[in-house]
Amino acid sequence: MRAGPAAVNSTTPALVTQRSVQRLPRLALLLFCAAYLVPGLIGRDPWKSADITAFGYMLSIAEGRASWLQPAIGGVPADGALLPYWLGAAAISALQPWIDPVLAARLPFAVLLGCVLALVWYSSFHLARTEAAQPLALAFGGEAQTVDYARAIADGALLALIACLGLLQLGHDTTPELGQLFAEALFLFALAASPYRTVRSRIAAVVALPTLAASGAPTVAVAAGVVGAVVCLRSGYAAVRRFAGWVIAGTALACALAWAIGAWGWRVDTPTSLRDVLGIVRLLLWFLWPAWLMALWTLWRWRGHWLQRHISVPLGMALVAVAACLVMGGSDRALMLALPALAVLAAFALPTLKRSAAAAIDWFSVFFFSATALFIWVIYVAVHTGVPAKPAANVAKLAPGFEPVFSVPALASAAIGTLAWLWLVRWRTARHQHALWKSLVLPAAGVALSWLLLMSLGLPMLDYGRSYRPLIDRMVPHIPRQACIATANVPRALQAALEYFGGYEVDGARPADASGCAYRVQKEPAARPRPVPPGWTLVAREREPTDREEVVAIFKRAAAP
């Protein structure tokens with residue numbers, strides 16, 4: 001039987017009153033999004049390794065060291081993810097010299113993340129409007145109205161996405177995967193809105209899948225297109241069945257574009273041992289938290305509705321991303337593409353969630369995120385005052401040479417965020433709240449608070465440990481500025497750091513002996529230094545302050561090439 005307007009199931013598990021679908025105040029929702037998006041935009045370097053690698057490709061285009069059709073670091077071309085590199089390079093070119101290149105490249109990706117949040121809201125809103133998703137009609141009336149119910153579900157989906165732990169760092173990186181995440185969310189919106197927004201959904205479908213392919217995930221684009229077409233073709237909505245042709249067209253465009261830019265590639269790395277399997281299980285448990293738990297509850301409580309649009313659309317998109325993660329050996333960046341769809345699924349658990357389960361989520365969030373905030377504050381105070389002594393000694397041991405930096409704006413923002421968290425905890429636990437989205441307020445606020453504290457109080461320490469700047473500063477006395485460095489077999493992230501932080505000319509395309517460079521660097525195990533290559537003289541061995549396993553060996557050519 002097809003799922004459509006007439007296929008309303010009277011056994012819907014949702015029992016929702018009009019009082020329960022009060023809107024989350026728009027100002028509060030915008031503050032949630034701002035607290036999640038803004039911290040980390042300024043005041044930090046590109047972090048290793050994917051973040052600075054992607055930034056290196058963008059900078060090479062903007063500075064004219066590589067062509068738009070073939071971004072490169074040290075002469076080594078990038079993969080097929082051209083569109084995100086173009087986006088960052090265009091922003092750098094347009095905003096120079098008024099804005100630092102790092103911030104300029106980061107701004108469009110922050111906009112993409114904001115668009116992902118909005119697209120998840122609208123996807124949930126349209127799916128919740130379908131008749132099969134509506135709550136049970138009450139005998140004496142008073143059930144939730146359709147639009148109000150859809151808004152409450154959409155608010156819950158947005159909070160569920162913010163609460164996902166896996167999106168916290170990867171969503172704030174300047175990498176092609178954020179372009180993929182945007183395209184995945186846009187395609188989810190296209191499928192969800194197809195019965196109601198005909199033109200917008202068609203445009204979204206033919207844009208989303210080629211964008212996904214041009215961002216480095218053509219296989220995922222094809223798989224998502226196939227799943228989307230199947231969901232549309234079996235729909236009871238005539239408009240949705242006609243929409244399947246647009247999905248197929250978008251899939252064909254994605255294939256053609258991937259072929260044109262050379263984006264096709266296979267990265268199959270299936271688990272081969274029990275340890276690999278357990279690693280993937282751990283990744284799924286923490287990366288998708290808490291959306292996976294609520295999504296499973298949705299599938300159980302709505303188990304008679306799996307073929308309905310509000311379940312089949314997000315479930316199909318989530319399964320495509322999870323399958324890509326498994327095929328790629330547990331890739332967290334592939335798994336990130338499942339988050340928008342899982343957040344939508346998680347939102348449909350809210351009308352069926354028992355009060356005891358909601359209370360358990362609230363108290364877990366209170367204790368976990370309060371403890372996290374307290375830990376960050378204790379480390380901050382210890383670093384700046386030496387009290388308590390043990391945390392201060394641990395930081396000095398883990399990050400030798402780190403000098404704390406005091407910032408009044410960072411302290412003020414952290415204090416305001418902490419006070420807002422305490423107020424929110426008091427508001428949520430002081431009395432029984434009826435709003436449908438209430439169970440996701442504390443998880444989302446806790447994640448936003450943790451990110452705010454890390455990007456204010458903890459940013460100097462994180463930057464010191466995750467940036468290549470301290471290593472390059474140690475290498476500068478040994479290599480003159482503007483020198484040419486042979487970097488064959490050196491990670492691309494380090495090559496990008498040498499180009500950006502050091503201002504060096506890097507040659508990673510040719511072997512060191514065939515290169516015309518006067519200097520050469522290579523990474524070595526700290527415990528087993530390699531022999532000095534013939535024709536080269538060892539200058540120094542330097543290590544990152546927080547890396548005890550490897551060193552960077554610096555060599556100078558013994559004779560003129």
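In this text the structure is predicted, and so the values were computed from the model without any measurement.
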Just wondering, do [Y] and [X] contact through their side chains at under 4.5 Å, heavy atoms?
| X | Y | result |
| --- | --- | --- |
| S194 | R309 | yes |
| Q308 | W302 | no |
| I379 | M461 | yes |
| R466 | D51 | no |
| W300 | T352 | no |
| L186 | T211 | no |
| L442 | I361 | no |
| R234 | L307 | yes |

More than 12 heavy atoms of other residues, nucleotides or ligands under 6.0 Å from [atom1] of [X]: yes or no?
| X | atom1 | result |
| --- | --- | --- |
| Y122 | OH | no |
| W286 | CH2 | yes |
| I42 | CD1 | no |
| R303 | CZ | yes |

Donor-acceptor pair, distance only, cut-off 3.5 Å: does the side chain of [X] make one with the backbone of [Y]?
| X | Y | answer |
| --- | --- | --- |
| T12 | Q134 | yes |
| W451 | P39 | yes |
| S201 | R197 | yes |
| S124 | A154 | no |
| D173 | T175 | no |

Chi angles and distances behind the ring-ring contact (aromatic ring centres under 6.0 Å, His included) call for H172, F109: CA-CA 8 Å; H172 292 85; F109 288 84; over 10 Å; no
Show the nearest heavy-atom pair for residues A347 and P351, with the distance to one decimal.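 Minimum heavy-atom contact is O-CD, 3.6 Å.
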Please find the pair of heavy atoms, one from A150 and one from A128, that lie closest to each other, and give the distance. CA-CB, 3.6 Å
[X] and [Y]: side chain donor to acceptor below 3.5 Å:
| X | Y | result |
| --- | --- | --- |
| W421 | S370 | yes |
| S312 | W306 | no |
| T418 | W377 | yes |

Is it true that R355 and D362 make a salt bridge, defined as a side-chain N closer than 4.0 Å to a carboxylate O?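 Judged by the 4.0 Å cut-off on N to carboxylate O distance, R355 and D362 do not form a salt bridge.
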Roughly how far, to the nearest 0.5 Å, is [atom2] of [Y] from [atom1] of [X]?
| X | Y | atom1 | atom2 | result |
| --- | --- | --- | --- | --- |
| L113 | L181 | CG | CG | 7.0 Å |
| F55 | R106 | CZ | CZ | 8.5 Å |
| H384 | L411 | NE2 | CG | 8.5 Å |
| F187 | S123 | CZ | OG | 11.0 Å |
| T53 | D79 | OG1 | CG | 10.5 Å |
| R44 | L462 | CZ | CG | 9.5 Å |

Ring pair (Phe, Tyr, Trp, His ring centres under 6.0 Å) test vs H126 passes for just one of W121, Y237, Y196, namely Y196
Test of ring centre spacing under 6.0 Å for F368 and W289: no
Should the pair W427 and W423 be assigned to parallel (<30°), tilted (30 to 60°) or perpendicular (>60°) ring geometry?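 Parallel, since the angle between the ring planes stays under 30°.
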